[in-house]
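See below for the structure under consideration.
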Amino acid sequence: MRKKPIYSIIAVVLVVGIYSYDYFLNVKEGEVVKENTKTFYLPTSTTNQVIHHENYSLSYSEPHEQAEWVAYELKASHIQYKNHKRPYFEIDPAVKTGAAHWRNYKNSGYDRGHLCPAGDRRFSKEAHDETFLTSNISPQEHEFNAGVWNRLEQKVRYWAKRNDGVFVVTGGVLQDGLESIGEEGVSVPKQFYKIILDDSGGEIKMLAFLLDHKDSNESLYKFVVPVDSIEAITGIDFFPELDDAIENKLEASSSFKNWKF
DNA sequence: CTGGGCATC
DNA sequence: GATGCCCAG
C-alpha cells in the first residue's frame, strides 16, 4: 500500500465522491431530505433556488424578493418558551441572486412577517436567530400578521403539541402585477397559504389554509381549502414524493374532521 | 404571541 | 447600522 499511495487517494476520492453525489441527490428539490430520523416533505420549486438552512428550507423567488415557500418540521419538543432577544434581520447569504434588504420594509406600512415563525424556533438561540433572515419574511399588514395569521400560527403549535409534530409549508401567493415595496421591489402578496401535514398516526393527514391578506375574525376552519387549489394558483407541487394515489386523495380534500380546532 | 417607531451613539 | 426604550393588536 505504501508503494502505491495513488491508489489509496483514488479510492478515497471515489468513496467521498459517491457519498457526496448521493447526498446532493437527496437534497434535490422534490426529493426527501433525511432530517435526523424523520422524513421531511419538500415541495417543488418554480424558481430553481431551494435553500436548506439548519432548521427550515425555502424556495426563493428573485422577481418577488421573497420565498415562494418555507417548509419545516415542527416537533412537539420544539415548542418551548425560552426567551430570546429579537436580533436584526439579515440578508440571507445563501440566496445567490441576492436576498432583499430589510430596509425595503422600513416605513412601508407593512410588517416584516415571518414565514417560519420565530415562535416555532425558540428551542435554541441559533434556531431563533435563523428565522431572522430576509428570505424568511414577507410584507404583511400588521392587523393581519398580529391577527388571523397569528391565530393560525398558534393553532399550528397546538396541533404540533397534540399530534407529536407536524410538517408546515407556508408562503404568500406570488403572482404578476402585485404591489411592491422598497427599492428592490418586494411583492406584497394578496393571499397567504399554510399547509399542515401530520404523519404521526400511521396515516397521513393534510390540511390547507388560504387566507386573504386582511385581518378577519372568522373561525379558522372557514379558510380550509384543498391543497389542489393552492397548487393551481402557485404552480407549486407540494408533496410530489407522496404516493400519487394518496397525494391525489389528500390534496383534493378540504375535510377537517380529523383536526381538532 | 405578532410586530413598529424613534432617539442615541 | 446597532441598541435600548416605549408602544399596540
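Because only heavy atoms are used, hydrogens play no part in the values below, and waters and symmetry mates are left out as well, while side chains stay in. Chain letters run A, B, ... following the sequence lines, proteins first, then strands; residues in each count from 1. If you're wondering where the values come from, they're calculated on a predicted model, not measured in any experiment.
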**Asked** Base, sugar-phosphate, or nothing for A:Gly119, non-hydrogen atoms under 4.0 angstrom?
**Response** sugar-phosphate
**Complete:** In numerical order, the residues of residues 109-117 of chain A whose heavy atoms come under 4.0 Å of DNA chain C are none
**Message:** Between P on B:dG3 and NE2 on A:His84, what's the gap in Å once rounded to a whole number?
**Reply:** 15 Å
**Message:** Any base atoms under 4.0 Å from A:Asp215, or only sugar-phosphate, or nothing? Heavy atoms, all strands.
**Reply:** nothing
**Message:** Which is more 5' along DNA chain C, the nucleotide nearest A:Trp102 or the one nearest A:His142? Just name the residue.
**Reply:** A:Trp102
**Asked** How close or far is atom P of B:dT2 from atom CG of A:Leu211, stated in whole angstroms?
**Response** 17 Å
**Asked** Rounding to a whole Å, what distance do you find between A:Phe192:CZ and B:dT2:P?
**Response** 15 Å
**Message:** What is the separation between atom CG on A:Asn83 and atom P on B:dG3, rounded to the nearest whole Å?
**Reply:** 15 Å
**For atom CZ of A:Arg103 and atom P of B:dG4, their distance in whole Å** = 16 Å
**Asked** Of A:Phe223, A:Tyr221, A:Trp159, A:Phe209, which meets ring-ring contact (aromatic ring centres under 6.0 Å, His included) against A:Phe256?
**Response** A:Tyr221
**Item:** Side-chain heavy-atom pair A:Leu250, A:Ile204 within 4.5 angstrom cut-off
**Value:** yes
**Prompt:** Given the side-chain rings of A:Tyr193 and A:Phe238, with only the six-membered ring counted for Trp, is the space between their centroids under 6.0 Å?
**Reply:** yes
**Prompt:** Under 6.0 Å between ring centres, would you say that holds for A:Phe132 and A:His114?
**Reply:** yes
**Message:** Between P on B:dC6 and NZ on A:Lys106, what's the gap in Å once rounded to a whole number?
**Reply:** 9 Å
**Request:** Using side chain to side chain donor-acceptor pair (under 3.5 Å) as the criterion, point out the one residue from A:Asp92, A:Thr131, A:Asn136 that pairs with A:His53.
**Result:** A:Asp92
**Summary of salt bridge (Lys or Arg N to Asp or Glu O under 4.0 Å) pairs that have at least one residue in residues 140-161 of chain A, sequence neighbours excluded** = A:Asp120-A:Arg157
**Request:** Mind checking the OG-CD spacing from A:Ser229 to A:Glu251? Nearest 0.5 Å is all I need.
**Result:** 10.5 Å
**Message:** Taking any atom closer than 4.0 angstrom to a non-hydrogen atom of chain A, what span of DNA chain C does the protein reach, first nucleotide to last?
**Reply:** C:dG1 to C:dG9
**Asked** Hydrophobic cluster mates of A:Ile91, side-chain heavy atoms under 4.5 angstrom, ILVMFWY only, any path?
**Response** none
**Contact list for DNA chain B against residues 149-159 of chain A - heavy-atom distance below 4.0 Å** = A:Asn150, A:Glu153, A:Arg157
**Asked** Can A:Tyr41 and A:Glu73 be counted as having a side-chain donor-acceptor contact under 3.5 angstrom?
**Response** no
**Message:** Using the salt bridge (Lys or Arg N to Asp or Glu O under 4.0 Å) criterion, which residues pair with A:Lys190? Sequence neighbours excluded.
**Reply:** none
**Request:** Quick one: do A:Trp102 and A:Tyr88 satisfy side-chain contact (heavy atoms from CB on, under 4.5 Å)? Show the steps, please.
**Result:** CA-CA 9 Å; A:Trp102 61 265; A:Tyr88 224 63; 2.9 Å; yes
**Prompt:** Taking CD from A:Glu143 and C1' from B:dG3, how many angstroms apart are they, rounded to a whole number?
**Reply:** 11 Å
**Message:** In whole Å, I'd like the distance from the NZ atom of A:Lys85 to the P atom of B:dG3.
**Reply:** 18 Å
